[in-house]
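Structure, as structure tokens:
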Amino acid sequence: MEIGAPRIGSCSKEHQKIYKEWFDVADSDNDGRVTGNNAINFLSMSNLSRQELKQVWAIADSKRQGYLGFKEFVIAMQLVSLVQDGNELSHEILKGDVDFENVKPPKMEGLDELIQKKKDPSNSSKPDSNGNSPRQASITTQWFSSKPSKRYLSNVTSIQDGLKKLYTRKLKPLEVTYCFNDFVSPLLTNSDFDAKPMVMLLGQYSTGKTTFIKHMLKCSYPGAHIGPEPTTDRFVVVMSGTDERSVPGNTIAVHADMPFTGLNSFGTAFLSKFECSQMPHPLLEHITFVDTPGVLSGEKQRTQRAYDFTGVTAWFAAKCDLILLLFDPHKLDISDEFKRVIYSLRGHDDKIRVVLNKADQVDTQQLMRIYGALMWSLGKVLNTPEVVRVYIGSFNEKPVNEGFTGPIGKALFEKEQEDLLTDLKDIPKKACDRRINEFVKRARAAKIHAYIVGHLKKEMPTFIGKAKTQQRLTDNLEEEFVKVQRDYHLPPGDFPDVENFKEVLRGYSFDRFEKLKPKMIQDVDEMLGYDIPNLLKTLRNPYD
């Protein structure tokens with residue numbers, strides 16, 4: 001299965017050469033991106049209707065990046081060609097038997113002349129038929145220029161770049177001033193914005209987490225160990241790489257191009273139990289998997305881990321786009337550690353999916369009872385009014401055991417597997433929306449954090465009794481949260497966990513906190529209320 005990498009976009013070397021030449025014409029500023037304004041002018045040469053071009057852009061820019069890279073540009077050209085041949089764009093035609101490799105380049109009226117002008121420097125000084133010099137009306141400056149938007153966002157060509165700039169200019173100063181990185185989450189780096197979507201697998205040992213990843217990849221990966229005993233004793237990030245290799249955690253955590261620098265805060269004890277498995281694979285070009293150690297149960301819970309397991313899973317949960325909780329029909333009990341792990345996922349409820357794996361090891365009647373027992377167990381831990389989505393199946397390379405399940409069970413498993421694969425296929429498409437969602441969530445959390453810290457600073461006396469006041473404020477932190485909520489009209493559900501906040505506060509002197517700076521809060525409010533909506537509006541489908 002190649003998620004996010006359908007056959008569309010593949011083409012012969014001959015066609016690829018043609019498209020590269022066309023791409024260079026459309027990409028006026030040579031930054032490797034064809035933005036909306038560039039596309040409007042270039043695609044107008046196809047003579048398709050606005051509605052048809054709207055569909056072309058929507059499919060080509062399925063990840064909603066706000067621009068077309070070369071691969072997306074090829075997809076757009078192939079779609080234009082199909083429409084010109086009388087085909088109607090639909091999901092059926094994309095999934096059908098179209099031989100995209102041999103789809104001819106579309107007819108683009110006037111494009112050959114533009115390419116010739118670009119190739120022939122002598123044309124640069126000749127006036128056109130209207131007597132205008134190319135200097136006055138050149139292709140690159142007139143046709144493909146984009147109007148600057150607001151100040152620092154003027155040169156932004158993607159939503160990703162826009163969020164980077166907004167973070168650096170408006171949100172990061174607030175986080176640094178009020179020590180947000182110590183209380184909630186480490187400061188973001190460019191690699192956090194550029195990272196591929198991640199899927200984390202959680203569950204007790206031997207529930208099939210590693211096998212699930214192998215099933216998705218259709219092959220093994222470096223460092224994969226499978227067995228009935230707890231084999232995966234470390235966090236393993238499975239990601240794309242030029243060759244097959246395992247990289248130790250300490251190396252990965254200091255790698256500036258990877259989004260794992262925040263894990264340094266968990267210390268060497270954790271980093272020695274963390275590694276990165278790299279390999280070339282089409283699926284890993286779009287998704288990164290996070291395999292985790294089996295959550296402990298029973299007597300094993302007495303053996304304390306040398307690092308904060310729950311804290312690490314919470315850190316990954318904030319970064320991940322999807323969290324799969326795997327259960328085995330014979331391991332439905334939710335241990336104390338598993339319960340703590342699930343509690344740490346609060347705030348990420350929309351990312352959680354439950355997989356009842358190895359379901360072909362029991363017959364249909366037992367499966368109904370097991371499903372009911374699982375929902376009952378989850379209902380006590382996941383305190384949400386919505387029912388969590390549970391996928392039932394057997395996610396491994398072996399065929400379904402029809403001796404237990406029968407033909408009805410086999411059909412059910414196949415449908416469930418198809419639903420889960422659809423969920424996974426949608427991850428790259430939803431990655432941009434998820435990134436915006438997480439960014440806005442972080443901005444709101446940072447704002448509330450600033451209000452809390454500013455309030456604690458304001459309550460401190462100028463000279464005498466500082467230690468006693470700090471102790472009183474810490475002991476009555478829940479009441480102080482209520483005051484902050486009331487004073488600034490903030491939603492109570494957005495406030496951090498009181499006990500965790502207290503724990504970090506103990507290492508600080510309130511007297512050294514910064515006073516609340518209204519200008520910083522105003523900048524973040526402006527970012528949420530104006531800059532982000534304006535960014536999304538500027539980089540949306542240009543044919544909307």
Side-chain angles (χ1 to χ4, degrees), residues 1-6 91 95 197-219 226 238 283 286-287 289-292 294-295 320-334 338 342 345 348-379 381-382 384 386-430:
M1 180 193 65
E2 293 186 16
I3 295 178
H91 290 290
K95 293 177 183 177
M198 287 199 284
V199 177
M200 177 166 67
L201 291 90
L202 287 168
Q204 292 180 190
Y205 70 90
S206 195
T207 52
K209 299 183 294 297
T210 305
T211 305
F212 182 92
I213 296 174
K214 286 179 65 176
H215 179 62
M216 293 292 108
L217 299 176
K218 305 294 184 196
C219 64
I226 295 172
V238 187
L283 172 55
H286 303 276
I287 291 177
F289 288 100
V290 182
D291 194 5
T292 60
V295 179
C320 284
D321 294 67
L322 199 67
I323 302 165
L324 298 179
L325 299 181
L326 273 76
F327 288 88
D328 180 317
H330 306 294
K331 291 192 181 77
L332 293 181
D333 62 308
I334 297 178
F338 203 4
I342 294 174
L345 304 180
H348 307 290
D349 301 342
D350 56 321
K351 302 179 185 180
I352 298 174
R353 305 287 185 275
V354 175
V355 177
L356 180 55
N357 199 14
K358 304 182 182 180
D360 62 347
Q361 295 180 1
V362 294
D363 62 37
T364 311
Q365 185 181 19
Q366 287 175 320
L367 183 60
M368 287 175 62
R369 291 175 178 168
I370 287 165
Y371 181 82
L374 176 61
M375 296 303 287
W376 181 80
S377 298
L378 287 170
V381 183
L382 294 171
T384 55
E386 300 86 11
V387 177
V388 68
R389 176 68 167 97
V390 177
Y391 296 99
I392 303 170
S394 185
F395 298 92
N396 55 53
E397 65 279 359
K398 297 175 185 174
V400 173
N401 184 356
E402 284 191 67
F404 270 118
T405 62
I408 297 174
K410 185 181 180 184
L412 169 69
F413 289 175
E414 286 171 353
K415 285 180 183 176
E416 289 285 289
Q417 179 156 329
E418 190 57 41
D419 285 351
L420 179 55
L421 295 188
T422 301
D423 226 352
L424 288 169
K425 282 178 187 176
D426 285 342
I427 291 173
K429 295 178 184 177
K430 295 177 180 176

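In this structure, the side chains of Ile352 and Leu325 come closer than 4.5 Å at one or more pairs of heavy atoms. Using a 4.5 Å cut-off on side-chain heavy atoms (C-beta onward), Gln366 and Pro329 make no contact. With a 4.5 Å cut-off on side-chain heavy atoms, Phe327 and Phe338 count as touching.
Annotation: the span from Leu345 atom CG to Asp349 atom CG amounts to 8.5 Å, rounded to 0.5 Å. Rounded to the nearest 0.5 angstrom, Gln204 CD and Leu326 CG are separated by 11.0 Å. The structure places CD of Glu418 at 4.5 Å from OG1 of Thr422, a figure rounded to the nearest 0.5 Å. Expressed to the nearest 0.5 Å, how far CG of Leu217 lies from CD1 of Ile287 amounts to 10.0 Å. Annotation: the span from Leu324 atom CG to Leu420 atom CG amounts to 6.0 Å, rounded to 0.5 Å. Here Asp321 contributes atom CG and Lys430 contributes atom NZ; the two are 10.5 Å apart, rounded to the nearest 0.5 Å.
Closest approach of Leu356 to Asp328, counting heavy atoms only: CD1-C, 4.2 Å. The minimum heavy-atom distance between Phe289 and Leu283, with the atom names listed, is CE1-CD2, 4.0 Å. Nearest heavy-atom pair, Asn357 versus Thr207, reported as atom, atom and distance to 0.1 Å: ND2-O, 3.0 Å. Here the closest heavy-atom approach between residue Cys320 and residue Lys351 is recorded as O-NZ, 2.8 Å. A pairwise comparison of heavy atoms in Pro428 and Pro197 identifies CA-CG, 4.2 Å as the closest pair. Nearest heavy atoms, Leu421 versus Met216: CD2-CE, 3.5 Å.
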Could you walk me through whether Leu202 and Ile323 pass side chain to side chain contact (heavy atoms under 4.5 Å, CB included), step by step? CA-CA 7 Å; Leu202 287 168; Ile323 302 165; 4.0 Å; yes
Tell me, with the steps shown, if Tyr391 and Val354 meet side chain to side chain contact (heavy atoms under 4.5 Å, CB included). CA-CA 6 Å; Tyr391 296 99; Val354 175; over 6 Å; no
Worked check of side chain to side chain contact (heavy atoms under 4.5 Å, CB included) between Ile427 and Lys429: CA-CA 5 Å; Ile427 291 173; Lys429 295 178 184 177; over 6 Å; no
Evaluation steps, side chain to side chain contact (heavy atoms under 4.5 Å, CB included), between Gln417 and His215: CA-CA 11 Å; Gln417 179 156 329; His215 179 62; 3.1 Å; yes
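Shown here is Met375, whose CE atom has more than 12 heavy atoms of other residues, nucleotides or ligands within 6.0 Å.
Both tests do not hold together for Arg369 against Tyr371: distance to the six-membered ring centre under 6.0 Å, angle to the ring axis within 45°.
One finds a salt bridge joining Arg353 and Asp423 here, because a Lys/Arg side-chain nitrogen approaches an Asp/Glu carboxylate oxygen to under 4.0 Å. Salt bridge Arg389/Asp419: present, at least one basic N to carboxylate O contact under 4.0 Å. Remark: Lys209 does not engage Asp291 in a salt bridge, criterion side-chain N to carboxylate O under 4.0 Å.
One N or O on the side chain of Glu416 and one on the backbone of Ile392 form a donor-acceptor pair closer than 3.5 Å.
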